[in-house]
Number of protein chains: 2
Amino acid sequence: MARETVATETAPEELTPGARKILDAASALFYERGITAVGVDLIAKEAGTTKKTLYDRFGGKDALITAYLRERDLRWRSWLTSWVDGHAADARPGEQLLATFDALAEWTRQHNPRGCGFVNAAAELPDPAHPGRRVIDGQKRWLRGYLFELSTAAGADDPGRLADELALLHEGAVVLRGLAVVADPVGSARALAEQAVERALSRPRAAGPPIADTRPDDR
Amino acid sequence: MARETVATETAPEELTPGARKILDAASALFYERGITAVGVDLIAKEAGTTKKTLYDRFGGKDALITAYLRERDLRWRSWLTSWVDGHAADARPGEQLLATFDALAEWTRQHNPRGCGFVNAAAELPDPAHPGRRVIDGQKRWLRGYLFELSTAAGADDPGRLADELALLHEGAVVLRGLAVVADPVGSARALAEQAVERALSRPRAAGPPIADTRPDDR
DNA sequence: GGCCGAGTAGACAGATCGGTCTACCTCGCC
DNA sequence: GGCGAGGTAGACCGATCTGTCTACTCGGCC
């Protein structure tokens, strides 16, 4: 029983060819049609494999859902960090914070026509005990933490507040991308972010003990 | 066939007692557990009625989903407008725009522990032809239009841009409410909104022809 | 009294759900 | 040559899905 769940524990590169095809098919179907609405039969058929392989490699649908979320999370993290590192490495303070919105713009263009995959998944996983929920929480916490780091490095007067605000703008932009009601949500978010960053940097943090982060609950 | 769909076309007050119980039960279950995951048998059982009544009154699950979204939409609209009218009727310009976030704060406290019901529903209704999608689009467009009206009344220099920004902040706040990663998302959104409103009102609109709205696609 | 809208009770249908199973094939490695 | 991991093919299970149906009850209205 412990061996079968190996696919959800190790790096995605170590997946068996069959498991790789299944995870690819499941990722596309889960995002495009919803998690509950997609059955394991369809996934196996779309992947060109059989349910046997699916259950041998992943153990069950819940584990497959979790693997889908985990891989999407990893992809987003490396996308964002490599973009920020590459496009604003030695720019003026605050530029890296705004670069996250440029990364988001390109990400949504390529991978997010239907809104945030994690928000959508959370809507379908109401049970807080579901393993996928931990991945979703981790993704949101990671982004907020990353923004907190960049805010601190930029010298924001209250990096915790700025991180909260920028995380909010990220979420709002991604969600509105999926609902065609605002012309350029990422652009609007970036404009608001510029204001927020400007304000946070206009009153530079006083020298002294570093300001503690004010995250809601770190358990 | 035309008669059966009466419940989805008329005001919710005109619902039959049985239909009322079914819609109430369905609304709670759809929001708390997700739309696809909830079956009609459970809805009928939870409502203390039978499937027969459900199909006689609503015609089918899709129509029931649409009725759920429609009623939730109406409730939110009247909640927001009455709050804004009551709490900031004769205040200084821009105050009404910020009052929408106070209304949102109380709304999420009472009705939105699991994020935006419309965003969650959109995640489960990928088919653009589903009648529920029109309700979701209508809700988002209405909010954006309402914010545009308030922005214009407040004398914003670019009410279209301000409406886009405030709509974005609303969405971000509601979504983040459902994911406990930011301490007070509505508060953060309100803080950002204050900045945006202040900026939009600091350069009052020049006299002359009214600025045309720049909505993405009004069909 | 007669009628009809509304509701209850519950069987029923066909499809699909997640999940298990047997049987067989193929490939690389010892 | 033998062995085991990975895969294919497909039957099978019980449960649940949406949706339909018959039969009966109740209450208000003409």
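Worth knowing before you read on, the calculation uses all heavy atoms, side chains too, and leaves out hydrogens, waters and symmetry mates. Chain identifiers are assigned alphabetically (A, B, ...) following the order of the sequence lines, protein sequences preceding nucleic acid strands; residue numbering begins at 1 within each chain.
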Go nucleotide by nucleotide along DNA chain C from the 5' end; which of B/Thr50 and A/Asp62 gets its closest nucleotide reached first?
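The residue whose closest nucleotide sits nearer the 5' end is B/Thr50.
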
Send over the distance from [X] [atom1] to [N] [atom2], rounded to a whole Å.
| X | N | atom1 | atom2 | result |
| --- | --- | --- | --- | --- |
| B/Ile35 | D/dC17 | CD1 | C1' | 16 Å |
| A/Asp56 | C/dT22 | CG | P | 12 Å |
| B/Asp41 | C/dA9 | CG | C1' | 14 Å |
| A/Lys21 | D/dT8 | NZ | P | 5 Å |
| A/Lys61 | D/dT16 | NZ | P | 15 Å |
| A/Leu42 | C/dG19 | CG | C1' | 16 Å |
| B/Arg57 | C/dT8 | CZ | P | 11 Å |
| A/Leu54 | C/dT20 | CG | P | 11 Å |

Between C/dT8 and B/Lys52, is there an OP1 or OP2 to side-chain N/O distance shorter than 4.0 Å?
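Negative; the distance criterion is not met.
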
Side-chain N or O of B/Thr53 versus OP1/OP2 of C/dT8: is the shortest distance under 4.0 Å?
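So the side chain of B/Thr53 is within the cut-off, an N or O lying under 4.0 Å from OP1 or OP2 of C/dT8.
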
Looking at A/Arg33, I want to see if its CZ is surrounded by more than 12 non-hydrogen atoms of other residues, nucleotides or ligands under 6.0 Å.
no

Could you go through the salt bridge (charged side-chain N to carboxylate O under 4.0 Å, His left out) check for B/Asp41 and B/Lys51 one step at a time?
CA-CA 6 Å; B/Asp41 292 276; B/Lys51 277 200 294 181; 3.4 Å; yes

With respect to the side chain of B/Lys51, which nucleotide from C/dT8, D/dG19, C/dG19 is positioned closest?
D/dG19

Do you know the tightest heavy-atom contact between A/Tyr146 and A/Thr81?
OH-CA, 3.7 Å

Test side chain to side chain contact (heavy atoms under 4.5 Å, CB included) applied to B/Leu147 and B/Thr100, B/Leu80, B/Thr152, the passing residue
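Between B/Leu147 and the candidates, side chain to side chain contact (heavy atoms under 4.5 Å, CB included) is satisfied uniquely by B/Thr100.
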
